[in-house]
2 protein chains.
Amino acid sequence: MPVDESRSEPAVRARAGIEDVALAAGVSVATVSRAIRGLPNVAVATRERVLAVAAELRYQADPAAARLAAGSTRTVAVGVPDPATWFFAKVVGGIERKLLAAGYDLLLSGIPDAAHRSRFLYMNAPGGRRCDASILVNVALVPEEAGEAVADGHRLVTVGFRYEGFSSVTIDNVTAASRAVEHLISLGHRRIGLMGMVMDNAMNFVVPPMRRQGYLRAHEAAGLQVDPGIESVANSTSDASRVIGRTMLDSPDRPSAVFAMSDEQAFGVMLAAQDLGLNVPEDLSVVGVDDHDQSELIGLTTVRQGVDELGAMAAELLLEAIEGGTVRHVEVPTELILRSSTAPRRS
Amino acid sequence: MPVDESRSEPAVRARAGIEDVALAAGVSVATVSRAIRGLPNVAVATRERVLAVAAELRYQADPAAARLAAGSTRTVAVGVPDPATWFFAKVVGGIERKLLAAGYDLLLSGIPDAAHRSRFLYMNAPGGRRCDASILVNVALVPEEAGEAVADGHRLVTVGFRYEGFSSVTIDNVTAASRAVEHLISLGHRRIGLMGMVMDNAMNFVVPPMRRQGYLRAHEAAGLQVDPGIESVANSTSDASRVIGRTMLDSPDRPSAVFAMSDEQAFGVMLAAQDLGLNVPEDLSVVGVDDHDQSELIGLTTVRQGVDELGAMAAELLLEAIEGGTVRHVEVPTELILRSSTAPRRS
DNA sequence: TTGAAAGCGCTACCAG
DNA sequence: CTGGTAGCGCTTTCAA
């Protein structure tokens, strides 16, 4: 299968430039440029000839030169906290699919902290000329940044949260969470733990409070008190939640159910339960949010959000924004999916 | 949380150009360029002044212009079959981490088929001037492409398979697979099904045959016959493997164990077993390859490969290649991890 | 150590 | 409908 061919010459085979095409087609470079980009004012015959020659020579405009001259980059920058995470990978997948079809390049950036966030914004601002627009996934902006971005005329679409001035795609986080908790309450649970996402003040201060609000709202609606003692936060990974979950569950008055802000966190809670010899759902009911790929096999009850769809929709809004379309906010629906991780409270 | 500020002027705030910096610092643009890029032949005092002014003006070189003039792009293209898949997301995560640190941009492309593969190669060839180098993850090349890439002086590193002429990072697929199957055999299993990855002739014709070879080798070493009747292939998703798995398992002489070429495929087999009312591991042992994030919770026995590490190593080799380093092949070790999805064959 | 000027390869304007 | 040509904003000789 592999191929051998001892790298003899690192000589980069010279590539045809627009001038070569012009020469070969017997027209000017201006005409080649117009013909290839499908601009008007080119005779059909001429266009065909140019296209044929270009194909023959495998001509491809130098993107850097085209950008410099035209100003547009045909590139979209996408920023996510961590590209290796299930949720973000799915979103990026959805974006990529649309962008590939539209002929845009996708520049992917990890945004682990506030410094990278501001760097991302600056680099990808219209003046930066690196991309035509950008998408920020679950990366909240502080007001100054948002204001500056708007002032800069930044073409930005956000997913996970919403800013006036930019298109966005979100879910109704409060409702999603309260729906999950209501389900638990309807099963007779009265002590319901919360496994929350850490609200690093610089990065993720939008989604967690909303989901927490849903948790509170469901309690309130049922006339139940919440116990801050069984409310914890962890990084939204399975491992971190497992560790934190262990301390929440390792107590005589442990909750009989836990609402986790994401499926991965729910997995962590299940692992914690397992570590302590507790059975799900007999000893502990668990519900998450996402409908992760493995949630069915694991039997996790969850509130489903179409993550891939989130990304695809974001890409669509972005393309609209590039075309000069209006700002739109899209809210993707969610759905409670019942599986085997939740059961009536044991009397 | 959101910010309002009715987008008054889409006016892109003019950004400082190199000339502005030169003016403000009282030097020429050439000096600014040298100073900022840390080139020699700039007086310390001058450099400091320029840097100060540049920071003040938030100057940032226009990447397109810099590319056009210098030829180098500070960009790396990464091609994966499907960016939304667990394995690829992890690899990309590892790459991204290293690249971010090295100050390179990452251009992500999905390569769903052979046409996109050849497009990727052409666009990202040195002559294309879109990137300085590229990484191809589990995308095999046909000989002509590989030869052309070498001839073009393509700076490429591959992960998952190996071509002479390019750096690569792989695992020993044959050994990984045979280790998994040996484990099954050691538990007394004699009829071991194979859930293989589909070998689309254009895309993925390297890894699956090697893992299959490991499967065969383990049988052979134990003096066992394989039964082609319990050898299937499916897309390497959980869902596809579930469907195919059902037909493999829905038979009186079904295997007592299955080796799946990836953990996600193993999950599919477990789902299939569940669909048919079979218990794992009592009625069926299952082993996979990867050590997926959810494999511990699911209790899947598997052959672990450090997927993030695969990506990080690829990025390192790439950076070396850009610096003009030598071609290297790295083989990342694997490890059998015993969990609860495998058990001795029931007599 | 510095500056002037010639491109990098293309697009866009304007004249024909 | 077509061609000439002036840049796009930077890097990189080459001279000073």
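Just the heavy atoms: all of them, side chains too, but no hydrogens, waters or symmetry mates, feed the values below. Letters A, B, ... mirror the listed sequences (proteins, then strands); counts begin at 1.
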- A:T31 side chain near D:dT2 phosphate (N/O to OP1/OP2, under 4.0 Å): no
- Message: What's B:D62 touching, base or sugar-phosphate or nothing? Going by heavy atoms closer than 4.0 Å.
- Response: sugar-phosphate
- Residue-phosphate contact under 4.0 Å: A:S33 side-chain N/O, C:dT11 OP1/OP2: yes
- Note on the structure: DNA chain D nearest-nucleotide lookup for A:A43 and A:V29: closer to the 5′ end is A:A43
- Message: Would you say B:S109 and B:R119 are linked by a side-chain donor-acceptor pair, where the criterion is simply a distance under 3.5 Å?
- Response: no
- Separation of C:dA12 atom P from A:N41 atom CG, nearest Å, is 13 Å
- Task: Name all pairs fulfilling the side chain to side chain donor-acceptor pair (under 3.5 Å) condition that reach into residues 45-54 of chain A, sequence neighbours left out, sorted by first residue then second.
- Result: none
- Item | Base D:dG3 paired with A:R34 side chain (donor-acceptor, <3.5 Å) | yes
- For C:dC10, does OP1 or OP2 lie under 4.0 Å from any side-chain N or O of A:Y59? yes
- Could you state the atom-to-atom distance from CZ of A:R67 to C1' of C:dA12 in whole Å? 18 Å
- Item | Distance, rounded to the nearest Å, where A:L68 contributes CG and C:dG7 contributes P | 17 Å
- the helix from C:dT1-D:dA16 to C:dG16-D:dC1: angle between its terminal axes, five pairs each, to 10°? 30°
- Under-4.0 Å side-chain N/O to phosphate OP1/OP2 contact, B:T46 with C:dT1: no
- Message: Nearest whole Å is fine: how far is C:dT11 C1' from A:R129 CZ?
- Response: 12 Å
- What is the minimum heavy-atom distance between A:F161 and A:S168, and which atoms define it? O-CB, 3.5 Å
- Task: To the nearest Å, give me how far apart CD1 (B:I18) and P (C:dA4) are.
- Result: 13 Å
- Walking DNA chain C from its 5' end, the first of B:R49 and B:A70 to be reached, judged by nearest nucleotide, is B:R49
- Note on the structure: The side-chain contact (heavy atoms from CB on, under 4.5 Å) partner of A:V32 among A:L51, A:V53, A:V50 is A:V50
- Query: Touch check for B:A30, heavy atoms < 4.0 angstrom, all strands: base, sugar-phosphate only, or nothing?
  - Reply: base
